[in-house]
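The structure under discussion appears below in the form of structure tokens.
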There are 2 protein chains.
Amino acid sequence: MTSGNRADRIEHGGPRLLWQQVADDITADIDSGVLSSGWRLPSEADLTEVYGVARVTVRRAIAELVKAGRLVVVRGRGTFVV
Amino acid sequence: MTSGNRADRIEHGGPRLLWQQVADDITADIDSGVLSSGWRLPSEADLTEVYGVARVTVRRAIAELVKAGRLVVVRGRGTFVV
DNA sequence: CCCGATTTGTGCGTATGTATC
DNA sequence: AGATACATACGCACAAATCGG
């Protein structure tokens with residue numbers, strides 16, 4: 001299928017940092033409507049598998065999008081699209 | 001306001017080592033009362049962004065202050081002012 | 001009310017690559 | 001050539017909040 005694995009979109013060792021690539025991909029999903037306002041993102045553990053990166057990398061990407069006002073994180077519940 | 005960027009206080013490539021500068025800054029906050037006894041410091045990840053340095057550098061600074069008896073680290077909970 | 005599963009928060013140890021001395 | 005310092009990234013364990021049975 002054309003919608004290949006998201007892990008394939010991440011270039012390990014590429015010019016751009018891993019967490020930036022993940023943040024870009026999530027941002028694209030929000031902007032394109034794949035992720036709608038109020039929706040809950042997959043858990044950090046799931047995103048770890050989806051993107052093939054470490055949890056710390058996922059968290060770094062999420063932290064950036066929180067600062068950008070695109071996401072909100074609630075401990076014990078999850079991460080949500082603003 | 002005093003909440004200016006702490007990263008600006010860190011001189012990359014300066015005469016003093018990065019971890020020493022971070023340790024000095026945290027020590028100053030403790031001595032000045034900005035950080036009171038029992039308070040929890042920002043997480044290592046947060047300090048990483050606050051000071052604009054790597055986590056290993058933050059940990060080096062914290063380790064020094066632990067040896068000096070100014071901080072106590074509790075795994076899974078955080079770092080606290082003695 | 002308690003208990004367990006889920007999820008985020010935090011710290012621990014390590015590996016690899018780069019830059020500098 | 002070797003040592004030191006730093007940045008990025010990986011995996012793991014434990015703590016704490018939330019929710020459901």
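Every heavy atom of this structure was used, including side-chain atoms; hydrogens, water molecules and symmetry mates were not.
Distances from the side chain of A:E44 to the nucleotides D:dC6, C:dG9, C:dT10 place C:dG9 closest. Looking at the side chain of B:T57, the nearest of the listed nucleotides D:dC6, C:dT8, C:dT10 is D:dC6. Nearest to the side chain of A:R40, among C:dT7, D:dC6, D:dA9, sits C:dT7. Of the listed nucleotides (C:dG11, C:dT8, D:dC6), C:dG11 has the atom at the smallest distance from the side chain of B:R59.
Between the P atom of D:dT8 and the OH atom of A:Y51 lies a distance of 21 Å, rounded to the nearest Å. Rounded to whole Å, atom C1' of C:dT7 lies 15 Å from atom CD of A:E49. Distance A:I62 CD1 to C:dT8 P: 7 Å, rounded to the nearest Å. Rounded to an integer number of Å, the gap from A:F80 CZ to D:dT18 P is 11 Å. Residue B:Q21 contributes atom CD, which lies 13 Å from atom C1' of D:dA5 at whole-angstrom precision. Taking atom CG on A:L18 and atom C1' on C:dT16, their separation rounds to 13 Å, with Å as the unit. Rounded to whole Å, atom C1' of D:dT4 lies 12 Å from atom CH2 of B:W19. Distance CG (A:L17) to P (D:dC6): 19 Å, rounded to an integer number of Å.
Among the atoms of the strands shown, base atoms are found under 4.0 Å from some heavy atom of A:R55. Note on A:G13: nothing from the nucleic acid sits closer than 4.0 angstrom, heavy atoms only. Here B:R75 lies in heavy-atom contact (under 4.0 Å) with a base. Using a 4.0 Å heavy-atom cutoff across all strands shown, A:V73 reaches sugar-phosphate atoms only and no base atom.
Rounding to the nearest 0.5 Å gives a distance of 4.0 Å between CZ of A:R6 and CG of A:D29. One distance of note links CG of A:L71 with CG of A:L65; it measures 5.0 Å at 0.5 Å rounding. Rounding to the nearest 0.5 angstrom, the gap separating the CH2 atom in B:W19 from the CG atom in B:D24 is 9.0 Å. Of the inter-residue distances, the one linking A:E11 atom CD with A:Q21 atom CD reads 6.0 Å to the nearest 0.5 angstrom. Atom-to-atom distance recorded for B:L47:CG and B:R55:CZ is 11.5 Å, nearest 0.5 angstrom.
Each of B:V74 and B:V56 has a nearest nucleotide on DNA chain C; the 5'-most of these lies closest to B:V74. Where A:A54 and B:G52 meet DNA chain D, the nucleotide closest to each residue was compared, and B:G52 sits on the side nearer the 5' end.
The side chain of A:R77 places no N or O atom within less than 4.0 Å of a non-bridging phosphate oxygen (OP1 or OP2) of C:dT6.
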